[in-house]
Amino acid sequence: FQLSLWLPLVIGPRAAYRGMRVMGATPWQAVAAALCVTFISGNSRWGSGADGTFQVGLYTQTWALAFFPLGLGYGVRYLLEGKNLPTAIAWGTLVFLCHPFASIALCIGLAVGVLAHYLQFPVRNGNLKLILLGLLGLAFVLSCAALALDRPVPPETAPETAVAPIKFM
């Protein structure tokens, strides 16, 4: 049981390194990505770190976010080069089976990546490029506004502790 709690936190940086290499990053870029992934393990109860796993019980989210870079890497590889479709489906499915919110993030990341990739090429209609840029900008602004306005509001009858104390007879 303890191994199932500890292992995704150790797999995450290695998966980030491999996912970046699959996407075509240089070894140093992949090492930097793996180093960044080690720093996402913070003290938020709803994150991918030990606090979320141990306090709230988000075991599946921790596993999904450990495999997320591999799903993203193989998804990007298939979209750009047309290689390894079964592998991309397998990693994406594993992320989905671990936690659905991580798979939603994976789908959004791939969709925005596809839009950004096609924006670099000249298009026949200049208005189409403006529409795509507008959609990306709108998504960015809405995401920033949602993050800025997201303030937890405690209920009026909230107890002082998150869990009621156990009463022994």
Within a strict 4.5 Å, meaning less than it, do heavy atoms of the I11 and F67 side chains meet?
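Side-chain contact under 4.5 Å: yes.
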Give, for atom [atom1] of [X] and atom [atom2] of [Y], the distance between the pair rounded to the nearest 0.5 Å.
X	Y	atom1	atom2	result
H99	I104	NE2	CD1	9.5 Å
T93	L106	OG1	CG	10.0 Å
L135	F140	CG	CZ	15.5 Å
T38	R14	OG1	CZ	15.0 Å
W91	R18	CH2	CZ	10.0 Å
L94	I89	CG	CD1	13.5 Å

Is [Y] reachable from [X] through a run of hydrophobic residues whose side-chain heavy atoms are each under 4.5 Å from the next?
X	Y	result
L72	Y78	yes
L80	L110	yes
F101	V112	yes
V10	V95	yes
W63	F96	no

Quick check on side-chain contact (heavy atoms from CB on, under 4.5 Å): which of V22, L85, L79 does Y74 satisfy it with?
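The option that passes is V22.
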Minimum heavy-atom distance P69-A15, with the two atoms named:
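That would be CB-O, 3.6 Å.
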Please name the pair of heavy atoms, one in N84 and one in R77, separated by the smallest distance, quoted to 0.1 Å.
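Reported closest heavy-atom pair: ND2-NH1, 3.4 Å.
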